[in-house]
Amino acid sequence: GAGVSQTPSNKVTEKGKYVELRCDPISGHTALYWYRQSLGQGPEFLIYFQGTGAADDSGLPNDRFFAVRPEGSVSTLKIQRTERGDSAVYLCASSRQIAGDNEQFFGPGTRLTVL
Amino acid sequence: AQSVTQLDSQVPVFEEAPVELRCNYSSSVSVYLFWYVQYPNQGLQLLLKYLSGSTLVESINGFEAEFNKSQTSFHLRKPSVHISDTAEYFCAVSDLHGRGKLIFGQGTELSVKP
């Protein structure tokens, strides 16, 4: 079956602009996660959705970052007033959330470059 | 809060040699443990996981990892590596409820040379 998909694969923007990154999870997966991976680092947690609600947004770095999942499937990560330090690969993952097993399936990522 | 330390950022080895990628974690609660692999120009893939039961877990391509609670370690080993094992390897933990975020280490770049 289809895996997690993310669009766009690459996004180049200018400092101060607004961007939206989209994630389509695996069908039937109730949990959805966003991570950010900077060069030479491991993925860093941003936010986790269970259904439509954000169950844990403790990783969002500041109020310029916001994410939604209005129908419990597709999610959009929104970044306002982008800064050069926001440049990274943004990863999305989804999980079935069966008790005791939190295997997360990752998408290919969106590479964001802020000039 | 949990944290993960991967002790080696780069590990160069020759083909057919054994390899160990080290991972230590810190947590005040029981955790699940994972190794993910990222091949060049590909996304993260789960390699193996420890949830409960036997402390030795294996992957389909010959890797194994052993959960050592007393040493808070989850080192990854393979007795004989192939060129195709060249990739970035990430160790990760999540809390026992297993419903939330993964905390990743910084990664170990395994480079297998002929």
Side-chain angles (χ1 to χ4, degrees), chain A residues 2-7 9-10 21 23-26 29-51 53-61 67 88-111, chain B residues 1-10 21-25 29-53 57 59-60 74 76 87-111:
Chain A
V4 178
S5 63
Q6 293 185 247
T7 54
S9 55
N10 281 282
L21 311 179
C23 172
D24 279 90
I26 293 172
H29 280 195
T30 58
L32 186 145
Y33 306 81
W34 284 98
Y35 295 85
R36 177 170 69 175
Q37 187 174 18
S38 301
L39 195 62
Q41 302 294 318
E44 176 188 23
F45 170 78
L46 295 176
I47 187 170
Y48 150 55
F49 287 90
Q50 175 63 282
D56 183 352
D57 65 357
S58 62
L60 294 177
V89 176
Y90 288 81
L91 299 171
C92 177
S94 69
S95 167
R96 289 182 299 171
Q97 282 276 300
I98 293 176
D101 189 341
N102 186 33
E103 180 175 350
Q104 296 181 25
F105 296 82
F106 282 81
T110 293
R111 182 175 299 278
Chain B
Q2 294 101 32
S3 66
V4 177
T5 302
Q6 291 184 243
L7 297 163
D8 307 293
S9 59
Q10 294 181 320
L21 307 183
R22 296 178 292 170
C23 172
N24 285 89
Y25 70 92
V29 299
S30 296
V31 295
Y32 294 142
L33 294 153
F34 306 82
W35 275 99
Y36 279 83
V37 59
Q38 190 169 33
Y39 296 105
N41 300 314
Q42 295 187 29
L44 279 166
Q45 302 173 36
L46 181 67
L47 185 62
L48 48 74
K49 60 186 177 184
Y50 171 77
L51 303 180
S52 63
V57 291
S59 72
I60 59 173
F74 192 54
L76 182 69
E88 187 92 20
Y89 291 80
F90 294 95
C91 182
V93 302
S94 70
D95 67 51
L96 190 59
H97 298 292
R99 298 182 183 214
K101 59 190 174 187
L102 290 170
I103 305 298
F104 285 87
Q106 292 192 313
T108 297
E109 183 182 345
L110 175 65
S111 177

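Basis for what follows: all heavy atoms, side chains included, without hydrogens, waters or symmetry-related copies. In what follows, chains are A, B, ... by sequence order, proteins preceding strands, each numbered from 1.
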Separation between OH (A:Tyr48) and OG (B:Ser94), nearest 0.5 Å, reads 10.5 Å
Applying a strict 4.5 Å limit to non-hydrogen atoms, the region of B:Leu46 in contact with chain A is side chain
Turns out that what part of B:Gln45 lies under 4.5 Å from chain A's heavy atoms comes down to neither
Whatever's closer than 4.5 Å to a heavy atom in chain B on A:Leu46 counts as neither
Donor-acceptor pair, side chain of A:Tyr35 and main chain of B:Leu102, under 3.5 angstrom:
yes
| said: Could you walk me through whether A:Phe106 and B:Gln42 satisfy the side chain to side chain contact (heavy atoms under 4.5 Å, CB included) test, starting with their C-alpha distance in whole Å, then the side-chain angles of each, then the deciding distance to 0.1 Å, before giving a yes or no? | reply: CA-CA 10 Å; A:Phe106 282 81; B:Gln42 295 187 29; over 6 Å; no
Those residues at least two apart in sequence (or on a different chain) that pass ring pair (Phe, Tyr, Trp, His ring centres under 6.0 Å) with B:Tyr25 are none
Does a side-chain heavy-atom distance below 4.5 Å link B:Tyr36 with A:Gln104? yes
Side-chain heavy atoms of B:Phe90 within contact of A:Gln41, under 4.5 Å = no
Here the salt bridge (charged side-chain N to carboxylate O under 4.0 Å, His left out) pairs for residues 31-40 of chain A, sequence neighbours left out, are A:Arg36-A:Glu44
Original post:
Heavy-atom distance under 4.5 Å between the side chains of B:Lys101 and A:Ser58, does that happen here?
Top reply: yes
